[in-house]
Every structure is written in C-alpha cells, then in structure tokens.
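My structure is below; once you've seen it, I'll send some questions.
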Amino acid sequence: MRTEYLTGLNPEQLAAVTLPHASALILAGAGSGKTRVLTTRIAWLIDNNHISPFGVMAVTFTNKAAKEMLTRLSAMLPINVRGMWIGTFHGLCNRLLRAHHREAGLPSTFSILDMQDQLSLLKRVMRAMNIDEERTPPKQVQHYINGRKEAGMRAHECESYDPGSRRMTEIYAEYDAQCNREGVVDFAELLLRAYELLSRNALLREHYQHRFQHILVDEFQDTNRLQYQWLKLLAGNGSAMFAVGDDDQSIYAFRGANVGNMRDFEREFKIQHFIRLEQNYRSFGNILDAANALIEHNDGRLGKNLWTAAGPGEPIRAFEALTDHDEAAFIVDEVKQLHREGTALADIAILYRSNAQSRLLEHQLFANNVPYRVYGGLRFFERQEIKHALAYLRLTANRDDDNAWLRVVNFPARGIGARTMETVQVTAREAGLSLWNASCSHPPSGAAGKKIGEFVKIIETLSQEIAPLPLMEKIDVLLDRSGLRDYYRAEKDGEDRLENLEELLNAAQNFMHEVPEGGVEDFLAHASLEAGEHQAEVASDALQMMTVHAAKGLEFNVVFVCGLEEGLFPHENSIMAEDGVGEERRLMYVAITRARQRLYLTLASQRQLFGQTRYNLPSRFMREIPEALLQWINKRASAAIPTSTTNPTFADKRDLHGFKVGQSVAHPKFGSGVITAAEGSGEDARVQVNFDGAGSKWLMLSYARLAPAAR
DNA sequence: CCTCTCTAAGGTAGC
DNA sequence: CTTAGAGAGG
C-alpha cells in the first residue's frame, strides 16, 4: 500500500481525503490546497480503498482543471488515467451521449454548437418565423433558451401568460426543432439531453448509478440547477458525492451558477461530513485579514476564516489617483521598480473589473516598454479561418449541419450570393429538408443551380477522398480542395491565418496522439468543447493583465487591483440586482486572495469611460478593509500628476439652453423622457433624450421644442 | 458582390 | 472613445 502522497497534508485535508463512503461537503478556501485534496482523495480511494478507477467520476468546470487533475493523479498512481471519467460537465455529458446516441435520440455524428453557432442558428430560426429582431433581440432569446434549459425545462413546459413570453416559448420550440433536424446540440442541450437520457432510461441510469460509487465535484458553488440535478440523479441512493467548493468565491451567478446548491446539497444529502479547509498556503496574513474582513460584510455565508502560518507580511498598499491616467502611471512605475528589484514580470498581475479598463494600462505599458500579456480575446478554435476549415469537416461528417453549409457554401467565393442562399433556404424550409438535402434534391433553376451543384460536387468529392485518410491528412486535403489555403495565400493579410491553419494540423495530430481511437466527430466535439488558449504566447517574461474573473484559480507574487471605484467595482449594473453587490464583494474577495506577497489597491477620482469623464467615489470595498491593514502611498501622486487639464465644472458651464443631463423633459412628439447625455454648446448643442415611449434620440436644442418637465 | 459609412452599444464568461 | 454589425451605394 502506498501512502506517501498523504504526507504533508494538514489534519483537515487528511480528514477530507480519507473520509468513509458517504457524501461530504468540503468548504475549501482560496489557496487551501483544494485540487490536491481532490486528486489525493481519488488516489486514496483507488489505492487504499480498492475502488476501481472506473468506479470514480470527477467533474470540473474547465478543461484546464480536468487536465490538471489527470496529470497529478497519474503522478501519484501507476495507473493509466485515460478512460477514467474525469472531465468537465459538458465533456462527460458528450461522452455519455456519444455512447448512447440512439437512446438519446441523436445521430451518432451530432455536432456541438458554441455560443456563436447557437446565435446564428437562432437568428435563422427567427428570420424564418418573421420575428422582428428589434423588438425581440436574438441575444435575449438565446439567454432565455439557455436559462430554460438550465432550469431543466423544455419549451412545452414553459409557462407564458403574456404575448412576449409566449413568443419566446414559441421561438424556443422552433429552435429546438431545428436543432433536431440538423442533428446539432448547444452546450445547455448537452446537459439537458444527458439528464433526460438518464431520467427516462432506468436501465442506463441504474448502470451508471451502480458504476460510479464515488462522484467528486470541483467548484461546486458554480454548478447550476441542471448540473446539480444531473449529479443527484447519477448519485442515486448509494453513491458518495464529494463536493468541493467555496461559497465566498461564487462569482458566476450571471451565467446560471446557483450557490444555493451548496445548502441544498447539505440538506438533501443529509451531509454528516462538512469539512472546512481554512489554512491558506498562498498569501501573507495581512492579505488574508483584508479578505476575511471584506467578506464578513456578506450575508448568508456558510462561514469561513482564512489563516496562515506565514506571518503578516507587508501592508496592503493603497493609492488614490486623481485621474485614471495617473493611476496607470503609478502602476507602471511600481511595476518597473519591482522589476528592477528582481521580481519577474510574469509574477506580477494587474486585475481589473472590466475589459474596457485594460486599454489605458496597455497604452502606458507599451509607452514604457514593459512587456505584457492580456488574457481574453479570441481563442484558437473561435478564429474565422479555423471555423471555416472545421465547417468543411463538419459538413463531411454531418450533411445536415446548416450552420456549416451557410458558413462555407460561398467561402471562398464561388458566386453563390445571398439571393441563391435565400432560395435554397426557402425550399429547404418548405420541404422540411436540410440545406444540403435541398441543394441536392431541389436545386435552384438556372445559373444559381449550377453553382450549387458545383458546391455539392466539391463536398462529395472531398468526402470520398478523405474518407480513408487519418485525421490530419483529412484536414490537409480539405484545406486544398476547399480553396481555403489558396484564398488566404492570396489575401494580403492572410499569413497569420495560414499559420493558424497549419496550427490546426498540429492540433489534429496531437489529438490523434492523445485519442488514437477518436474519429472526426470526436475531434469536432473536442474543438467545440475546448476552444483552446486565449492568445498566442508573446514575450516569455511578461506582465499579466486580466479581469478578476479570469484570475480565479490563479496566483501571483504581486497583484494590482485597480479601478476601485463605486460604479466600476462594484459595477453600477450590479447595484440594483438581487445579491448584486454581494457577488461583487465575492469578486473583490477573489481578487485580493490572488496575491502571495504584495497587494496594491488603486483608484482614480476621475476616469474617462466611453469618451466621457466620470467622477467616481472610492469603492465601498476600500472602506470595508480595516484601515490598519492599508498603507496609503499618495505622496507620489503630487509628484506624478501633471496639472490636470480637466475641469470638473466644465460640463455644467456649457450653454445647453438651460437644460442639463439627468433632467426630465417633454417633447411634443416623443412625449416625456430624461436627458442622458449632451454635446456641443450654444447653437450646436445636442442632447440625448431617453424617451419613455420612443426610445433614445439625439436632438438639436436649437430646433427641438423641448420643455422641462416635472417628474 | 464588395466596401464604405453609419449607428448603437459597450459587465463578468466557462463549456 | 472604440468596435462590431447592419444597411446603402459603386
């Protein structure tokens, strides 16, 4: 028996790892060794408790976390971890649905839509239904559909009392019908289908319930309703569920996460084993004290207090700048100083609440020759050229994938215009066929029909030609026969895109290596489920910049949290929302706990946002951190700040004919409204008025007969 | 069919 | 201030 992996665990960690066969809730604070506990628990179950590797299922949210678990596990145990059910919710559901596609009512070749694909399919459905996209924004419908699916509801189960929600439900039904015709599933559908499959099919359900004696869940606070129900179904009555999470780090309510699942779990599973991991191995005491004090301001917590054996460390540095510009200058100065003193840039992170804040910082860093890396932006499999290439592959695998058809039917251009596509779409709709089948059996007449015929020929020849080839060669040939390679070769800025296409071949080869038995569908699913790295590597030692959300799970020696102002952090949109500020506070908690040694909190009293100067108050979160932990270093400010050119009273001095922003007004035609913005002065003065009935309009004050109104 | 211009909107984001 | 997406014109 091997137990060396148990050494070094603290008593709570050890207790969690060696729990008996019963469901347990592990409240794992930031930096408390959560991943280690999870993987060691699995190792211990297999090695000391004689559980088969196939009797364990472990679920994570990100591929990164799943991969990390697999890597650590294979380092601990001499077993082949491939084939174990360790993966993301979506990855495991995909696996389940591939294995039982018939029972789930799906073609074996079903493809997976990402958010973009989902939206474009939805737009098509809405256009076919003649729905006004102004009145019913597709994005909103998409949100509605995903929300319903995550609540476990199909269209016919959705109640609707008014025409608006009835329309939503109708679109939902139509959208699902179209997905079924095309043999495609969106992300939420993967989960819902898998849930329905198990709940309707007793044999299958019992099989998996019996098989997975242990179910381990990472980031439990991030699970949504459907994920929780799915886990509950799989656990049945006999399995032990080991749920690891931190309610204080729940920052994804906006995408459906339900922290309440932790309490429900505790109650519904009659949890006897509730373990808190509060010892932190990451940060110094002052940082943890700040985090603890801040999060105390939230209600309804499960309760937890982080501590460290490492001592208090440095005080938290706080800096209030006059302008966002000065704030950025301060940060860059400090970064340069730290770098001179020997801190690697890669160990320093700048965290911000929203992406819009990165621009100014980048500008300043660039001007000062500080290499940096911004997380976020397009990911590999989301790139246009990659999507095009994969659309060809999709079409060879699943002819009914209309998204794929539409994406490549005229790319590269083959003289098939919007007109022709529309004709085919109408025929397809009327005959209930996919675009591919309509192209084959009911091609348009005349020249358009000939062009469509040529496209059909291209795909058919391509399919035949690549059928016997291994995955990588399939794609290689496809790039030539589709004309994609030639297209990007001819394109003036096509070099990067060509390189990415070659990178796609590498990705395919890696996939073949990792999943030797995998087919085209598996590779396509992989591409949908794992969109890849956010950005190509740049300089080796670069400052890290990202949103606080993106920083979750990461840690850095030095962390700057910037823009600590009311309206920005907490974000103004959150203030009205139910538990909105609570979630922002948790976000701040996550930000603080990223720092190992040194933490900077910065803010600016005035800031350019969307071209307008805004005057913000310091964030309430600054006040919620005990003053004794903060070291204000504003002296630098006076030296760093050039006299500001912005006069706070400037906006009020403009001649706006006596009107001002925020005022209620009345218009003879548009009715009543509120002035939301102004520009120009005197004769040129224009104001933007958000009318109660007529929406937002820009009006010239010298022409519009605008009158002040009482509210 | 492509390119240009205009407008609108701009929180956070994994699979 | 940006940028993405939609509509108009060459």
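Chain letters run A, B, ... following the sequence lines, proteins first, then strands; residues in each count from 1.
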* Asked: Mind checking whether A/H388 and A/F411 have parallel, tilted or perpendicular rings, split at 30° and 60°?
  -> parallel
* Go through the N and O atoms of the side chain of A/E584 and the base of B/dG11, and report whether any donor-acceptor pair is under 3.5 Å. =>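 Present.
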* To the nearest Å, give me how far apart CD (A/E134) and P (B/dA9) are. =>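 It works out to 9 Å between those atoms.
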* A/F254 vs A/M115, nearer the 5' end of DNA chain B by closest nucleotide ->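 Nearer the 5' end of the strand: A/F254.
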* To do: Measure from CG on A/L351 to P on B/dA13 and round the result to the nearest Å.
  => 12 Å
* Asked: Can you find a side-chain donor-acceptor pair between A/S619 and A/R353 that sits under 3.5 Å?
  ->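 Per modelled atom types, A/S619 and A/R353 side chains form no pair under 3.5 Å.
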* Asked: Are side-chain N/O atoms of A/Y175 and A/D186 paired as donor and acceptor at under 3.5 Å?
  ->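 Yes.
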* Using atom CG of A/L191 as one end and atom C1' of B/dC15 as the other, report the distance to the nearest whole Å. =>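 In whole Å, B/dC15 C1' and A/L191 CG are 8 Å from each other.
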* Asked: Which is true for A/E133 with a 4.0 Å heavy-atom rule: it touches a base, it touches only sugar-phosphate, or it touches nothing?
  ->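 Answer is nothing: A/E133 stays at 4.0 Å or more from every strand.
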* Out of B/dA13, B/dG11, B/dC15, whichever nucleotide has its closest atom nearest the side chain of A/F610 ->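 Nearest to the side-chain atoms of A/F610, counting from C-beta on, is B/dG11.
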* Using a cut-off of 4.0 Å on non-hydrogen atoms, how would the nucleic acid contact of A/K123 be classed: base, sugar-phosphate, or nothing? ->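 Here A/K123 touches the backbone only, sparing every base.
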* Asked: Cut-off 3.5 Å, side chains only: do A/T613 and A/Q608 have a donor facing an acceptor?
  ->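 Indeed, the side chains of A/T613 and A/Q608 share at least one donor-acceptor pair under 3.5 Å.
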* Asked: Quick one: A/F89 CZ to B/dA13 P, roughly how many Å, whole number?
  -> 21 Å
* Does B/dA13 have OP1 or OP2 sitting under 4.0 Å from an N or O in the side chain of A/T547? ->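 So the side chain of A/T547 is within the cut-off, an N or O lying under 4.0 Å from OP1 or OP2 of B/dA13.
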* Contact class for A/R353 (heavy atom, under 4.0 Å): base, sugar-phosphate, or nothing? -> base
* Quick one: is A/N355 getting a side-chain N or O under 4.0 Å of the B/dG10 phosphate, OP1 or OP2? -> no
* Asked: Which whole-number value in Å describes the distance from A/L190 CG to B/dG14 C1'?
  ->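 Spelled out: CG on A/L190 to C1' on B/dG14 is 13 Å.
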* Do the rings of A/F523 and A/H526 sit parallel, tilted or perpendicular, given the 30° and 60° boundaries? -> parallel
* **Distance-only donor-acceptor check, side chains A/R407 and A/N403, under 3.5 Å** =>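 Side-chain D/A pair, A/R407 to A/N403: absent.
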* Proximity of A/F110 and A/H101 rings by center, below 6.0 Å -> no
* Asked: When the P atoms of B/dA13 and C/dA4 are considered, how many whole Å apart are they?
  ->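 It works out to 16 Å between them.
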* Figure out the CZ/P separation between A/R359 and B/dG11, and round it to whole Å. =>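 About 12 Å, once rounded to whole Å.
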* Asked: A/D114 near the nucleic acid: base, sugar-phosphate alone, or nothing, with a heavy-atom cut-off under 4.0 Å?
  -> nothing
* Distance in angstrom units between A/K552 NZ and B/dC15 P, rounded ->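 To the nearest whole Å, that distance equals 12 Å.
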* Asked: Does the side chain of A/R379 get closer than 4.0 angstrom to OP1 or OP2 of B/dA13 through an N or O atom?
  -> no
* Between the side chains of A/Y375 and A/Q544, is a donor N or O closer than 3.5 angstrom to an acceptor N or O? -> yes
Report each atom pair, protein N/O against N/O of nucleotides 1-7 of chain B, whose distance is under 3.5 angstrom.
from, atom 1, to, atom 2, distance (Å)
B/dC1, OP1, A/G417, N, 2.8

* Do A/E327 and A/T602 have side-chain N/O donor and acceptor atoms under 3.5 Å apart? ->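 There is such a pair between these side chains.
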* **5' to 3' contact window, DNA chain C with chain A (heavy-atom distance under 4.0 Å)** =>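 Boundary nucleotides touching chain A, in 5' to 3' order, are C/dC1 to C/dA6.
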* Asked: How far does the P atom of B/dT12 sit from the matching atom of C/dG5, given to the nearest Å?
  -> 16 Å
* Asked: For the residue pair A/W405 and A/F455, does the interplanar ring angle fall in the parallel (under 30°), tilted (30 to 60°) or perpendicular (over 60°) class?
  -> perpendicular
* By nearest nucleotide on DNA chain B, pick out whichever of A/A531 and A/S354 is the more 5' one. => A/S354
* Asked: Over how many whole Å does the gap from A/E583 atom CD to B/dT12 atom P extend?
  -> 14 Å
* Asked: Would you call A/R379 and A/D114 a salt bridge, using N to O less than 4.0 angstrom?
  -> no
